[in-house]
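Just so it is clear, the model here is predicted, and its values are computed rather than measured.
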Amino acid sequence: MTDNRTLISRFPHLKEDFAASLVVFLVALPLCVGVSVASGAPAELGLVTGIVGGLVTGFMRGSSLQVSGPAAGMTVLVYEAIKEFGLPVLGVIVLAAGVIQVAMGLLRLGRYFRAISVSVVEGMLAGIGLVIIAGQLYPALATKAPDSGLDKIFGVPGALWDAFGDTDALASLAVAAGTIAVLLLWKYTPAKVRALPGPLAAVGLATLATFGLDLPVATVEVKGLLGSIQPPPLSAFGELAGVGLLGTVVAFTLIASAESLFSAAAVDRLHSGPRTQYNKELVAQGTGNMVCGVLGALPMTAVIVRSATNVHAGARTKASRVLHGVWLLLFAALLPDVLAYIPIPALAGILIHAGAKLIPVRSLTGLWREHRGEALVLAATAVSIVAVSMFEGVLIGLALAVIKTAWEASHVRLEVVDKGIGPVEAHLSGNATFLRLPKILDSLESLPQDRPVRLDLSGLHHLDHACRTALDNWAERHSAVGTEPVKLVTAA
């Protein structure tokens with residue numbers, strides 16, 4: 001009795017955290033496997049990342065209720081990295097990204113990720129979502145996906161057409177469609193039934209249907225937990241000298257960090273407990289990725305679906321996310337052969353559903369009505385990711401966001417007062433930058449050539465060098481026609 005009281009006093013919320021950890025485990029299990037398979041890696045590596053997310057990152061300070069593991073948002077980038085550099089080098093990339101994350105956290109750079117345009121982040125997620133949906137339609141149809149994002153999207157009609165004459169493809173498609181249907185309809189089932197998480201129920205039902213009906217559907221290949229862990233060889237570290245690999249490391253770092261910290265901000269809005277310490281969370285994520293890199297596993301980020309599930313399930317402390325890692329470890333160690341029964345198209349259905357949730361259809365509609373510039377940045381980022389690649393797409397989005405902000409910040413107004421006699425009074429106010437130079441010069445050059453002009457610059461908050469030079473050149477040209485020299489008035 002005394003031992004129980006001591007345990008309760010040390011862990012007053014153990015009951016709530018224990019229950020929440022089981023729910024998070026049941027949600028995380030199919031997602032860890034699905035993300036790993038979609039990334040072109042062994043299924044067990046997704047579980048390894050989930051285990052590290054629970055047992056390593058889960059213990060560390062930062063965000064107490066946020067759950068980390070392999071994320072659908074990184075699937076496209078990981079797949080491209082494995083295809084270009086090979087699975088052994090993936091560990092090097094993840095390890096290097098983790099080191100940079102830890103360094104950024106120690107340098108207190110975590111809060112600066114909050115300054116990234118929301119439109120760029122949502123555009124990044126939308127682009128990832130589109131590529132995931134298009135890419136996972138191919139395993140749902142029991143066929144191989146093309147390499148590029150555009151080929152994946154444009155190839156879907158042909159793949160669907162070919163499937164109608166193929167019994168195996170139709171069976172695979174039926175399993176994927178059934179999985180998606182269960183996910184969509186699960187929220188309408190009775191509360192007692194909903195105690196079982198939708199993703200696990202969908203995969204479980206798909207597995208039962210596949211083997212009960214003896215469907216010709218591909219299932220997950222199993223190597224065993226220890227067999228799948230392959231620390232990167234020393235020779236793989238030599239690849240860090242290549243520019244291409246360094247660009248991939250930067251992409252992993254930025255995208256994983258941004259996704260984790262934006263997830264933390266969202267999770268903070270779901271509960272009234274301790275707020276996220278962004279720099280410490282970045283150190284925690286980096287430490288987890290360093291361990292994943294050493295084990296040759298997938299990169300980790302904080303995952304909003306699992307984190308929200310953790311909060312809604314009643315978690316009170318970080319014990320819930322640590323325990324969810326324990327359950328993943330026990331499953332991977334004791335029941336790995338169960339994975340071999342999971343149908344590939346069921347995992348494809350899980351990821352198609354997850355990809356669709358990354359596309360902010362509702363917010364895009366409202367954004368278009370109120371802030372069209374932001375909506376265009378979002379759409380351009382998404383399209384760039386699909387058309388080019390993840391890294392270049394994000395860079396294009398960031399560049400467009402900066403240009404848009406600079407354009408909006410460079411508001412300038414030219415007011416002309418012409419009384420018919422005496423000099424023409426022209427007053428410039430606002431921020432005169434090179435972005436608005438064509439508008440300023442067009443207005444000034446339309447002033448009467450045969451009248452003296454007094455140009456008042458005292459209302460300007462900012463006048464950049466390009467504008468000042470252009471105004472001086474215009475004043476020279478205007479004064480050269482024989483009128484009085486243009487008089488420039490600046491602030492005292």
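- Closest heavy-atom contact between T49 and A297: OG1-CB, 3.5 Å.
- Remark: of the listed residues L245, I93, V92, L245 is the sole one forming a side-chain contact (heavy atoms from CB on, under 4.5 Å) with E239.
- Contact between G135 and K152 at its shortest, heavy atoms only, is CA-CD, 3.6 Å.
- Smallest separation of non-hydrogen atoms from L437 and A470: CD1-CB, 3.6 Å.
- Shown here is E445, whose CD atom has more than 12 heavy atoms of other residues, nucleotides or ligands within 6.0 Å.
- The environment of CZ in R194 is crowded: more than 12 heavy-atom neighbours from other residues, nucleotides or ligands sit within 6.0 Å.
- Of the inter-residue distances, the one linking L414 atom CG with L428 atom CG reads 5.0 Å to the nearest 0.5 angstrom.
- Within 6.0 Å of atom OH in Y138, more than 12 heavy atoms from other residues, nucleotides or ligands are found, so the atom counts as buried in its surroundings.
- In this structure, a donor-acceptor pair under 3.5 Å is present between the side chains of E281 and Q285.
- Considering all non-hydrogen atoms of both residues, L298 and P70 come closest at CD1-CB, 4.1 Å.
- We find the CD1-CG distance between I440 and L471 to be 6.5 Å, quoted to the nearest 0.5 Å.
- In this structure, K404 places its NZ atom where more than 12 heavy-atom neighbours from other residues, nucleotides or ligands lie under 6.0 Å away.
- R413 CZ: 12 or fewer foreign heavy atoms inside a 6.0 Å radius.
- Within the 4.5 Å cutoff, side-chain heavy atoms of I133 are placed close to those of I359.
- For the residue pair S21/S320, the side-chain donor-acceptor check at 3.5 Å is not satisfied.
- Annotation: side chain of P345 is not in contact with side chain of T179 (no heavy-atom distance under 4.5 Å).
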